[in-house]
Amino acid sequence: MEKRKRNDRKLKDGILQGLIYLSAILTVTVLAVIIGFILYKGLPGINFDFLTRQWDDRTTFVNVERKAALTEKNDAAYVASLGITLALDNENIVISHIDKDSPVKAALNMKNQAYVLKKKDIITKAGDVKIEKMTAEEAAAVLNEGMGVVRIKIIRPGGGIVPMLVSTIYIILLSLIIAAPVGISSAIFLNEYAKRGRILRLIRFAIQNLAGIPSIIYGLFGMLVFVQIFKMQYSVLAGSLTLSIMLLPTIISTTEEALREIPPAYREASFGLGSTKLQTIRRIILPGALPGILVAIILSIGRIVGESAALIWTAGTVAQIPGALVGSEAGAATLTTKMYWLIKESADLSTASSIAVVLLVLIIVLNIASKLITRVFLTKKGMN
Amino acid sequence: MNNNAYKENLISRRKEYPEKVFKGIFLLSALVSVLSVIAIIIFVFSKGLQPFFGEDAYSFLEFITGLKWDPGNDVYGVFYMIVGSLLATLGAIVLGVPIGLLTAVFIAELAPKELVAFIKPAIELLAGIPSVIYGAFGLGVIVPIINEISPTGQGESLLAVICVLTIMVLPTIISLSEASIRAVPKSYREASLGLGASKTQTIFKTVIPAARSGILTATVLGIGRAIGETMAVMMIAGNNIGGLPTSIWSKVRPLTTNIAMEMGYASGRHQDMLFATGVILFLFIMVINITLTKLTGKLGDKGRSK
């Protein structure tokens with residue numbers, strides 16, 4: 001009897017323990033599969049061009065002053081008067097090499113601004129001659145003809161994520177400039193000034209509610225209020241304002257936690273030495289809470305980087321470096337919104353995965369940064 | 001003497017002035033959150049309730065019980081979306097809570113330190129992955145698998161949504177459950193072990209019951225995350241224009257994706273109806289938030305103790 005009971009118990013324990021191990025393995029496996037999938041799909045698309053180029057192909061006309069003194073090269077695809085070598089790439093004539101003293105480095109666009117030609121730029125027209133379906137040698141011959149200034153039509157190939165990177169950084173900075181001071185001040189009020197009572201309850205209830213609202217509702221609100229009523233159009237500012245409301249709960253609660261960690265004795269000592277409350281906050285409390293505030297900011301950056309639903313209809317999905325805060329030139333797709341757009345509008349899962357790889361790297365870096373800050377803070381505290 | 005007192009008074013007043021100004025600034029900042037919540041509620045509700053009032057009003061009953069969403073023909077029914085949202089959330093919780101809880105038990109009670117140092121960052125990473133990436137994963141991995149095994153031959157389905165949402169609620173459930181399991185006093189475990197219970201019995205009969213309030217909070221937060229999730233779900237739900245889901249293989253159209261799908265081009269009543277969908281979603285979130293407040297309780301007591 002006794003023995004059977006014990007065996008039963010062993011069996012039960014074994015099953016339950018097996019389930020525990022299974023769950024843990026499942027969780028880790030899921031993460032591994034997700035990351036593996038993203039890397040498998042996305043890594044092949046990541047290269048130097050992907051990280052450094054504009055998103056769209058850009059067509060420009062440039063004027064180039066041809067050289068008089070010619071350096072000769074024993075290469076039929078070399079354009080002596082321009083100091084460039086041409087090559088055929090996917091039926092396009094591209095610049096494959098640029099001499100050090102090449103005049104294309106002083107090329108001017110139609111607004112007389114400098115527009116330096118680069119390797120891999122595609123030449124489609126020289127003067128009035130269209131350069132299409134030619135070999136590199138034929139194209140070089142066309143370009144070599146004539147003297148003086150020549151007008152060249154250039155297509156600079158896109159396919160890179162630079163605009164999204166820049167837009168993401170703009171939105172991060174702008175959102176934090178708005179949200180960080182408000183959030184930190186709120187935390188100071190809640191932890192240093194507020195007395196128990198109705199106002200405190202109301203504020204806490206509001207913060208908890210803000211934290212619970214799904215981002216699509218923020219998107220609706222931002223679109224209605226900032227984009228439509230304030231007529232900002234799809235713009236960085238509309239997106240950042242929407243996000244800064246969304247970030248408040250994160251910033252407030254993380255900062256508050258940091259403030260709470262500071263021992264009351266510090267405050268009392270400061271008051272005892274005759275300083276006022278504001279002086280105490282400025283000289284004692286804020287410096288002490290700085291690591292916590294930094295972590296709050298890093299957490300916020302992580303949320304901004306990953307946000308899509310609240311940004312698509314407030315900042316738009318145009319891949320450009322925003323030229324203004326509001327208005328038609330201010331639309332800005334972040335990495336994440338562009339990734340969504342790629343999957344949804346062009347079913348391009350591979351490019352989307354390449355962006356996802358960049359996002360993963362960013363998230364991992366942010367996670368490590370917040371860990372490091374916390375660790376440094378903890379060891380410092382241990383030494384005190 | 002008198003003069004001196006006057007001077008001192010002046011100095012202290014000059015000192016007091018910035019004190020008051022800054023206290024005001026801090027208070028105003030804290031009120032920004034309150035104002036934001038009020039503004040969001042007012043704007044979303046006023047626009048979302050607009051179509052149900054005035055001339056040419058749309059019947060609210062038809063809206064809330066309707067099984068078809070066809071803006072082209074002025075038909076707006078969200079009942080099947082509500083059902084879709086609730087089923088997806090239910091599925092994610094039913095799968096996610098046990099898996100998450102057991103993983104938390106593993107981390108807090110069984111795993112050796114070196115393993116914890118590996119798993120915890122992994123779970124933090126899982127929490128930080130943007131939902132669009134989950135969507136891409138769902139579209140690239142889960143949907144094709146379901147495509148193979150589904151009797152309907154359709155990968156985009158309730159099941160796909162449940163799978164992705166389960167993964168997405170895991171980090172929330174794991175980290176909160178772990179914290180509450182770790183908060184259970186050691187003496188509980190010792191007492192249980194001392195009475196002759198095995199380690200596994202101790203975990204399931206003593207530690208987990210003692211940590212139940214934290215686990216419950218984790219579950220409610222998980223529900224909030226699942227019901228509010230948009231982008232990941234949108235890519236894999238199928239987003240049918242009508243009809244209740246009949247099985248896990250059916251397409252669904254949760255409330256969130258209904259808003260996100262059409263927000264870009266909707267105008268007039270169509271746009272108002274998207275806000276109305278937002279109102280329904282908001283009501284669910286309110287219920288979750290209030291539950292959460294009740295669970296964590298003591299809202300006002302977190303202030304400075306005086």
Side-chain angles (χ1 to χ4, degrees), chain A residues 9 13 16-17 19-20 23-24 26-28 30-31 34 37-38 41 182 185-186 188-191 193-196 200-210 212-214 216-217 220-221 224-225 245 248 276-278 302 306 308-309 313 336 339-340 343 349 352-353 356 359 363-364 367, chain B residues 15 18-19 22-23 25-27 29-30 32-34 36-37 40 43-44 47 99 102-103 105-106 110 119 121-122 124-126 128-133 136-137 139-141 167 170 198 200 204 224 228 230-231 235 256 259-260 263-264 275 278 281-282 285 288-289 293 299-300 303-304 306:
Chain A
R9 179 169 125 174
D13 281 11
L16 286 173
Q17 241 173 31
L19 283 176
I20 293 178
S23 299
L26 192 69
T27 308
V28 176
V30 161
L31 178 71
I34 292 176
F37 168 75
I38 293 296
K41 274 266 179 188
V182 177
S185 306
S186 304
I188 292 175
F189 178 80
L190 290 175
N191 201 56
Y193 287 92
K195 292 167 198 148
R196 278 190 217 185
L200 186 66
R201 265 211 302 278
L202 180 73
I203 294 172
R204 286 207 187 283
F205 185 68
I207 293 169
Q208 208 173 35
N209 262 292
L210 275 185
I213 294 176
I216 184 73
I217 301 269
L220 270 179
F221 173 74
L224 178 64
V225 174
I245 302 176
L248 280 180
T276 64
K277 191 150 198 171
L278 194 60
S308 47
W313 295 280
T336 313
M339 184 185 159
Y340 157 77
I343 295 173
L349 203 55
S353 301
L359 284 172
I363 301 278
I364 291 173
N367 275 358
Chain B
K15 249 181 161 181
E19 296 283 327
F22 269 91
K23 187 178 174 185
I25 291 175
F26 294 147
L27 174 63
S29 302
V32 168
S33 304
V34 181
S36 302
V37 173
I40 290 173
F43 278 105
V44 172
K47 201 160 164 69
I99 298 175
L102 291 180
T103 309
V105 167
F106 177 73
L110 298 178
I119 294 183
E124 277 160 29
L125 183 61
L126 208 56
I129 292 179
S131 53
V132 178
I133 294 187
F137 168 72
L139 200 62
V141 177
I167 301 171
L170 273 181
S198 69
T200 314
F204 284 92
T230 312
M231 303 322 272
M235 298 179 192
T256 48
I259 304 171
M263 210 153 100
F275 277 84
L281 180 62
F282 210 111
I285 298 292
I288 292 169
N289 275 346
T293 316
L299 257 187
R304 200 158 66 97
K306 276 221 158 173

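Every chain is numbered from 1, with letters handed out A, B, ... down the list of sequences. In what follows, every heavy atom counts, from backbone to side chain, and hydrogens, waters and symmetry copies are set aside.
- For A:Leu359, the part sitting under 4.5 Å from any heavy atom of chain B is the side chain, from C-beta outward, and nothing else.
- Put simply, of A:Thr336, A:Ile38, A:Ile217, the one with the most heavy-atom pairs under 4.5 Å next to chain B is A:Ile217.
- Only the side chain of A:Ile245 comes within contact range of chain B, judged by heavy atoms closer than 4.5 Å.
- Here the CD1 atom belonging to B:Ile129 is positioned 8.0 Å from the CD1 atom belonging to A:Ile363, to the nearest 0.5 angstrom.
- The most heavy-atom pairs under 4.5 Å with chain B, out of A:Arg9, A:Gln17, A:Met339, come from A:Arg9.
- With a threshold of 4.5 angstrom between heavy atoms, A:Asn209 approaches chain B through its backbone and through its side chain.
- In terms of non-hydrogen atom pairs under 4.5 Å with chain B, the most contact-rich of A:Ile343, A:Ile364, A:Leu224, A:Ile188 is A:Leu224.
- Between the CG atom in B:Leu27 and the OH atom in A:Tyr193 there is a gap of 10.5 Å [rounded to 0.5 Å].
- When each of A:Pro214, A:Ser185, A:Ala206 is scored by its heavy-atom pairs under 4.5 Å with chain B, the top score falls to A:Ser185.
- Rounded to the nearest 0.5 Å, atoms CD1 (A:Ile213) and OG (B:Ser36) are 9.0 Å apart.
- Interatomic distance, CZ of B:Phe204 versus CD1 of A:Ile20, reported as 4.0 Å (0.5 Å rounding).
- For chain A, the option among B:Val105, B:Leu102, B:Leu281, B:Ile25 with the highest count of heavy-atom pairs below 4.5 Å is B:Leu102.
- For B:Met263, the parts lying under 4.5 angstrom from a heavy atom of chain A are both the backbone and the side chain.
- In B:Phe282, the CZ atom is crowded: over 12 heavy atoms of neighbouring residues, nucleotides or ligands sit closer than 6.0 Å.
- Residue B:Ile133 touches chain A through both its backbone and its side chain, counting heavy-atom pairs closer than 4.5 Å.
- The most heavy-atom pairs under 4.5 Å with chain B, out of A:Thr27, A:Leu26, A:Ile207, A:Val28, come from A:Thr27.
- In terms of heavy atoms, B:Gly140 sits closest to A:Leu349 at CA-CD2, 3.8 Å.
- Of the two parts of A:Ala352, neither the backbone nor the side chain holds a non-hydrogen atom closer than 4.5 Å to a non-hydrogen atom of chain B.
- B:Ser198 touches chain A through backbone and side chain together, each having a heavy atom under 4.5 Å away.
- Only the side chain of B:Leu170 comes within contact range of chain A, with at least one heavy atom under 4.5 Å from a heavy atom of that chain.
- Looking at A:Leu248, only its side chain comes within 4.5 Å of chain B, counting heavy atoms on both sides.
- Among B:Thr230, B:Val34, B:Ile40, the residue making the largest number of heavy-atom pairs under 4.5 Å with chain A is B:Ile40.
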Verdict with reasoning, A:Ile34 to B:Ile167, per side-chain contact (heavy atoms from CB on, under 4.5 Å): CA-CA 10 Å; A:Ile34 292 176; B:Ile167 301 171; 4.0 Å; yes

Evaluation steps, side-chain contact (heavy atoms from CB on, under 4.5 Å), between B:Phe275 and A:Leu220: CA-CA 7 Å; B:Phe275 277 84; A:Leu220 270 179; 3.7 Å; yes

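- B:Glu124 contributes atom CD, which lies 6.0 Å from atom CG of A:Asn367 (distance to the nearest 0.5 angstrom).
- With rounding to the nearest 0.5 Å, the separation of NZ in B:Lys23 from CG in A:Leu278 is 12.5 Å.
- In plain terms, the two heavy atoms of A:Ser308 and B:Val132 that are nearest each other are OG-CG2, 3.2 Å.
- Looking at every heavy atom in both residues, A:Ala24 comes nearest to B:Thr103 through N-OG1, 3.7 Å.
- In this structure, the portion of B:Ile119 lying under 4.5 Å from any heavy atom of chain A is its side chain and not its backbone.
- Note on ring orientation: taking the six-membered ring where Trp is involved, the planes of B:Phe137 and A:Phe37 are perpendicular (angle over 60°, cut-offs 30° and 60°).
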Worked verdict on B:Ile259 versus A:Trp313 for side-chain contact (heavy atoms from CB on, under 4.5 Å): CA-CA 11 Å; B:Ile259 304 171; A:Trp313 295 280; over 6 Å; no

